[in-house]
Amino acid sequence: MAPYRGRFAPSATGPLHLGSIFAALVSYIHAKHHNGEWLIRIDDLDEKRCKAIYSDSILKCLDAFGFKPSEAVRFQTERISDYALALKSLESKSLLYSCDCTRKSLPRGPYPGMCRHRIGQALIEGNAVRIDTNGIDLDIQDLFTPVRRMSPPGDFIIKRRDGLFAYQLACAIDEHIDQITHVIRGIDLLESTPMQCFISKLLGYQSPSYGHFPVLVGADGAKLSKQTFATPVDWDQPGHSFATIARLLLLNDTPSEIDSAEIWLDYFLSLDNFLSIIVKASEANTLSI
Ligand code: GLU
């Protein structure tokens with residue numbers, strides 16, 4: 001059996017909030033329950049939204065919460081040449097095309113294909129790059145969610161018109177370079193999975209196994225996110241955040257708010273049915289803060 005290698009991949013777009021700690025916790029527990037390695041990757045490609053102070057704060061915070069990675073932290077910005085090579089390889093298979101459609105000019109939903117006549121032509125500098133998804137057939141199994149045969153939402157962008165490699169391309173390559181066997185992440189990222197699997201398949205990589213779990217939501221039912229300025233966690237009081245998570249999961253006999261991060265992690269690790277606890281809480285609608 002391939003050794004287990006999992007990861008947590010926060011974007012460096014803001015400090016971690018309770019939803020991020022929950023996501024880190026689920027991927028960490030899943031890895032540890034499988035005697036696996038657990039890595040941290042900082043998704044910092046988007047130079048307009050990502051800042052070094054956020055990467056620093058995210059790493060300090062994860063450390064204060066006891067999440068120690070098995071290997072050195074990875075940064076997407078250190079992998080630009082890997083993404084460029086992968087793009088070249090896809091280009092040589094005549095799977096890419098330049099697209100100069102503006103977002104405003106496009107209807108909602110899958111890309112209607114106005115620029116598909118450029119498939120196989122040389123890429124044009126300053127245009128976005130789309131990938132041809134015609135005739136694709138993916139059989140994706142999720143470890144926690146009963147989904148099969150998801151497809152990418154039409155020809156999606158793998159390089160943006162501002163020259164940045166898109167998350168879907170970068171993420172597929174990262175999992176390959178880091179030899180990730182298990183991507184355990186929130187259900188909000190489920191729709192990214194067929195795009196990432198599609199790219200892996202075209203590049204001849206073995207896709208990892210995927211498991212998408214229910215996420216914490218705000219009072220409005222929307223996922224907690226850095227974009228909507230969810231309150232940052234206090235890394236001087238990890239027990240406080242862990243206790244809130246335990247409460248949302250309807251757990252009893254937990255450590256206390258003033259207990260250390262290590263005591264809390266040991267406690268969560270002692271729950272061998274952690275995933276079913278999350279699913280039950282989600283069904284009972286208690287994952288809302
Ligand atoms: N960095 C992205 C996020 O925080 C993706 C994470 C992932 O693929 O797990 O939403």
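Read the numbers this way: they start at 1 and go in the same order the structure lists the ligands and their atoms.
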Which pairs of N or O atoms, one from ligand 1 and one from the protein, are separated by less than 3.5 Å, and what is the distance for each pair?
from: ligand 1; atom 1: 1 (N); to: Ala9; atom 2: O; distance (Å): 2.7
from: ligand 1; atom 1: 1 (N); to: Ser11; atom 2: OG; distance (Å): 2.8
from: ligand 1; atom 1: 1 (N); to: Asp43; atom 2: OD2; distance (Å): 2.6
from: ligand 1; atom 1: 4 (O); to: Ser11; atom 2: OG; distance (Å): 3.4
from: ligand 1; atom 1: 8 (O); to: Arg7; atom 2: NH2; distance (Å): 2.9
from: ligand 1; atom 1: 8 (O); to: Tyr167; atom 2: OH; distance (Å): 2.6
from: ligand 1; atom 1: 8 (O); to: Arg185; atom 2: NH1; distance (Å): 3.0
from: ligand 1; atom 1: 9 (O); to: Arg7; atom 2: NH1; distance (Å): 2.7
from: ligand 1; atom 1: 9 (O); to: Arg7; atom 2: NH2; distance (Å): 3.3

Identify each donor-acceptor pair in which a side-chain atom of residues 60-75 lies under 3.5 Å from a protein atom, sequence neighbours left out, and give them as a table.
from: Asp63; atom 1: OD1; to: Lys68; atom 2: NZ; distance (Å): 2.9
from: Lys68; atom 1: NZ; to: Asp63; atom 2: O; distance (Å): 3.3
from: Ser70; atom 1: OG; to: Trp38; atom 2: N; distance (Å): 2.8
from: Ser70; atom 1: OG; to: Trp38; atom 2: O; distance (Å): 3.3
from: Glu71; atom 1: OE1; to: Arg5; atom 2: NH2; distance (Å): 3.1
from: Glu71; atom 1: OE1; to: Arg74; atom 2: NH1; distance (Å): 3.4
from: Glu71; atom 1: OE1; to: Arg74; atom 2: NH2; distance (Å): 2.8
from: Glu71; atom 1: OE2; to: Arg5; atom 2: NH1; distance (Å): 2.8
from: Glu71; atom 1: OE2; to: Arg5; atom 2: NH2; distance (Å): 3.4
from: Arg74; atom 1: NE; to: Asp178; atom 2: OD1; distance (Å): 2.9
from: Arg74; atom 1: NH1; to: Ala72; atom 2: O; distance (Å): 2.7

- [ ] Report the residues that fulfil ring pair (Phe, Tyr, Trp, His ring centres under 6.0 Å) with Phe165, sequence neighbours left out, ordered by chain and then residue number.
- [x] Tyr83
Open item on the list: Could you check whether Ser200 and Glu175, counting side-chain N and O atoms only, form a donor-acceptor pair closer than 3.5 Å?
Closed with: no
- [ ] Report the C-alpha separation of Phe242 and Phe268 in whole Å, then their side-chain angles, then the decisive distance to 0.1 Å, and conclude whether the ring pair (Phe, Tyr, Trp, His ring centres under 6.0 Å) test is met.
- [x] CA-CA 9 Å; Phe242 281 141; Phe268 284 120; 5.6 Å; yes
Open item on the list: Check Asp46 with Arg160, please: is the shortest side-chain N to carboxylate O separation under 4.0 Å?
Closed with: yes
N/O donor-acceptor pairs under 3.5 Å from side chains in residues 96-106, not counting sequence neighbours:
from: Tyr97; atom 1: OH; to: Asp155; atom 2: OD2; distance (Å): 2.6
from: Ser98; atom 1: OG; to: Ile124; atom 2: N; distance (Å): 2.7
from: Asp100; atom 1: OD2; to: Arg118; atom 2: NH2; distance (Å): 3.4
from: Thr102; atom 1: OG1; to: Ser105; atom 2: N; distance (Å): 3.3
from: Thr102; atom 1: OG1; to: Ser105; atom 2: OG; distance (Å): 3.3
from: Ser105; atom 1: OG; to: Thr102; atom 2: N; distance (Å): 3.3
from: Ser105; atom 1: OG; to: Thr102; atom 2: O; distance (Å): 2.7

